[in-house]
Amino acid sequence: MDAQAVDHAEPDVERTAELVHDTARGLELTAAGFRPLRVGNHVVLGSLDGKVVARVAYTSRRPLEYHAAHLRLVEQLAAAGAPFVAPLCAPCRLRDGRVVTFWPMHSPAGQVPLEALVELVSRCHRTEATGDLTVWDPSVSYLTRWADRLPMMTARGVPADVRAFLEEVFLRRVEALAECWGSLSGEAHPQVLIHGDPHPPNVVRLGDRTLALIDLDFIEVGPPEVDLCCLWLLFERHDREPRVADRILAAYDGAANNLLMAQIYAADEINELVWLACLWGVVPGADAELMRRVDNWGDPTVKWQEF
C-alpha cells in the first residue's frame, strides 16, 4: 500500500508496533519490541529497552522523499546548534507502505517552568536558519491543516454542529491573523528559526540535563511570536498560571509584537480544538473534552485538560 493512499484510516496500534519492531530490528536499531506512547497526527511508539522512539505518519500523503529531505534539514540545524534531537537514520517505509522515522529516546522533561521553556525557544530563535526552510505564512500554515483535518473529523463522526462551530471560528480568526500579518509585511519584523509546537510533551532532557525539542514537523522561518504564543496558550488555558503573557515577554531574549501575539493566540486557541476533534473516537476522553471546551468557549477561566 502506498503511503500516499493512507488517508483517514484508523490507527491499528498493535499491528503498527509489530511492523515497527520488524523494521527497527532490520536496521539494527534495537531488537526489543515497541509499546504505544501516544496517538495524534502520528502513532508514536517507544522501544521496550528505552532506546528508540518511532513515529508513524498514518495519515500522511507526503512521499518518502519529502520526509527524507526534512530529516536532513533537521540534522543540519541540530549540527548548527539548534536545540533539536536529530534522527537515528533516514526515514523508511513499513511493509504496509506507511512512513516511519526513528529517534533516540530521551527522558521526558516533565514539569518545566514557563521561563525555562521561553529560554529554550530563545535558543532555537538564535540559531542561524540555514537550509531550505519554509517561510511561515498564516494562511498556508493554518488553512492547510484545516483542509487535512476536516475530512478526518467528518469520517470520525464529529457532530455536524460542532464542525460548523469550529469552521466558523477558525476561518474568522485565521482571516484576522492574515490581515494583521499582512499589515506588518512592510516592517522589519524578525524572522527566526521557529519550532512551531514547543509545548512540554515535545521537550526532553538530554544526558547533560539540558532541554531539547522533538516532534520537528513544523520547523520554519517565521516570527518568534509563533512559538511564544504556543507557550502562552498552554500556560493560560491549561495550567491557569497568572500573568503568562507578561512573564513570556519578560523572559524572552528579543522583541515581540503585542498585536501579532494576540492574533496568533486567538488562531492557536481554535486550532487546538480542531486538533482535538481529530481524536474523536480514537483517544478516550477526547470527545467529552472537546464538547466541554465548545460548551464553555466564552469562558476563558475554564481549565483545558491535556491530551
Side-chain angles (χ1 to χ4, degrees), residues 8-14 16-17 34-46 53-60 103 105 107-112 114 117 141-142 145-146 148-159 161-163 165-167 169-170 173 195-204 213-218 226-227 229-241 244 264-297 299-307:
H8 308 297
E10 300 302 326
D12 183 340
V13 177
E14 183 176 343
T16 299
F34 282 78
R35 62 183 177 88
L37 298 178
R38 64 180 183 272
V39 175
N41 294 324
H42 294 72
V43 177
V44 183
L45 307 112
V53 172
R55 302 179 77 236
V56 180
Y58 72 94
T59 61
S60 176
W103 308 78
M105 184 180 291
S107 300
Q111 296 296 320
V112 181
L114 172 61
L117 292 174
S141 176
Y142 288 91
R145 295 185 207 179
W146 171 260
D148 288 342
R149 290 169 174 172
L150 180 58
M152 191 183 303
M153 289 188 288
T154 304
R156 290 182 174 169
V158 177
D161 60 333
V162 175
R163 297 200 310 271
F165 167 80
L166 295 175
E167 182 172 18
V169 178
F170 182 88
R173 292 193 172 189
H195 177 272
D197 193 19
H199 69 300
N202 290 339
V203 178
V204 296
L213 291 159
I214 59 172
D215 287 11
L216 305 167
D217 298 325
F218 302 123
V226 172
D227 284 342
C229 283
C230 177
L231 300 178
W232 182 10
L233 179 66
L234 173 72
F235 279 82
E236 186 161 276
R237 292 306 301 252
H238 292 271
D239 294 349
R240 305 301 311 148
E241 292 199 10
V244 175
I264 294 176
Y265 179 96
D268 283 352
E269 194 175 37
I270 188 63
N271 190 51
E272 183 169 330
L273 264 67
V274 174
W275 170 81
L276 184 61
C278 292
L279 304 183
W280 187 279
V282 175
V283 177
D287 307 16
E289 176 62 14
L290 175 63
M291 296 307 301
R292 192 175 71 88
R293 294 187 192 183
V294 169
D295 291 341
N296 295 281
W297 181 247
D299 185 357
T301 67
V302 173
K303 183 175 180 177
W304 288 1
Q305 303 302 316
E306 273 292 331
F307 277 85

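The residues of the chain are indexed from 1 along the displayed sequence.
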* Asked: Below 4.0 angstrom, N of the basic side chain to O of the carboxylate: do E167 and R163 qualify?
  -> no
* **Rounded distance (nearest 0.5 Å) linking atom CD1 of I264 with atom CD of E269** => 13.5 Å
* Quick one: does H199's side chain get under 4.5 Å of L117's, heavy atoms only? -> no
* Quick check: does any side chain N or O of H42 sit under 3.5 Å from a backbone N or O of A54, one acting as donor and the other as acceptor? -> no
* Asked: Do side-chain atoms of D227 reach the backbone of G196 as a donor and acceptor pair under 3.5 angstrom?
  -> yes
* In Å and rounded to the nearest 0.5 Å, what is the CH2 to CZ distance from W280 to R156? -> 12.5 Å
* Check the pair D215, R38 against salt bridge (charged side-chain N to carboxylate O under 4.0 Å, His left out), reporting the backbone distance first and the verdict last. => CA-CA 12 Å; D215 287 11; R38 64 180 183 272; 2.6 Å; yes
* Once you round to the nearest 0.5 Å, how far does CG of L279 lie from CE of M153? -> 11.5 Å
* To do: Answer yes or no: is there a side-chain heavy-atom contact under 4.5 Å between W297 and V169?
  => yes
* Check whether any side-chain heavy atom of M152 lies under 4.5 Å from a side-chain heavy atom of D148, and answer yes or no. => no
* **Spatial distance of atom CD (E236) from atom CG (L233) [nearest 0.5 Å]** => 8.0 Å
* Distance in Å, L166 CG paired with L290 CG, rounded so as to fall on 0.5 Å steps -> 6.0 Å
* Asked: Just wondering, do W103 and L216 contact through their side chains at under 4.5 Å, heavy atoms?
  -> yes
* **Any donor-acceptor pair under 3.5 Å from D197 side chain to F218 backbone** => no
* Considering all heavy atoms of both residues, which atom of A17 and which atom of L45 are nearest to each other, and what is their separation? -> CB-CD2, 3.6 Å
* **Distance-minimising heavy-atom pair for L234 and P200** => CD2-CD, 2.9 Å
* No-hydrogen, no-angle side-chain donor-acceptor test under 3.5 Å, H238 and E272 -> yes
* Asked: Would you say the side-chain atoms of N271 pair up with the backbone N or O of A267, donor to acceptor, closer than 3.5 Å?
  -> no
* Any donor-acceptor pair under 3.5 Å linking the side chain of R173 with the backbone of A266? -> yes
* Is there a donor-acceptor pair closer than 3.5 Å between any side-chain N or O of H195 and the backbone N or O of I214? -> yes
* Please work out whether the ring planes of W146 and F170 are parallel, tilted or perpendicular, with thresholds of 30° and 60°. => parallel
* Taking the side chain as C-beta and beyond, is there a heavy-atom pair between V203 and L213 under 4.5 Å? -> yes
* SG of C230 to CZ of F235: how many Å apart, nearest 0.5 Å? -> 10.0 Å
* Asked: So, the side chain of R293 versus the backbone of Q305: is there a donor-acceptor pair under 3.5 Å, distance only?
  -> yes
* Contact check, side chains of R55 and D217, non-hydrogen atoms, under 4.5 Å -> yes
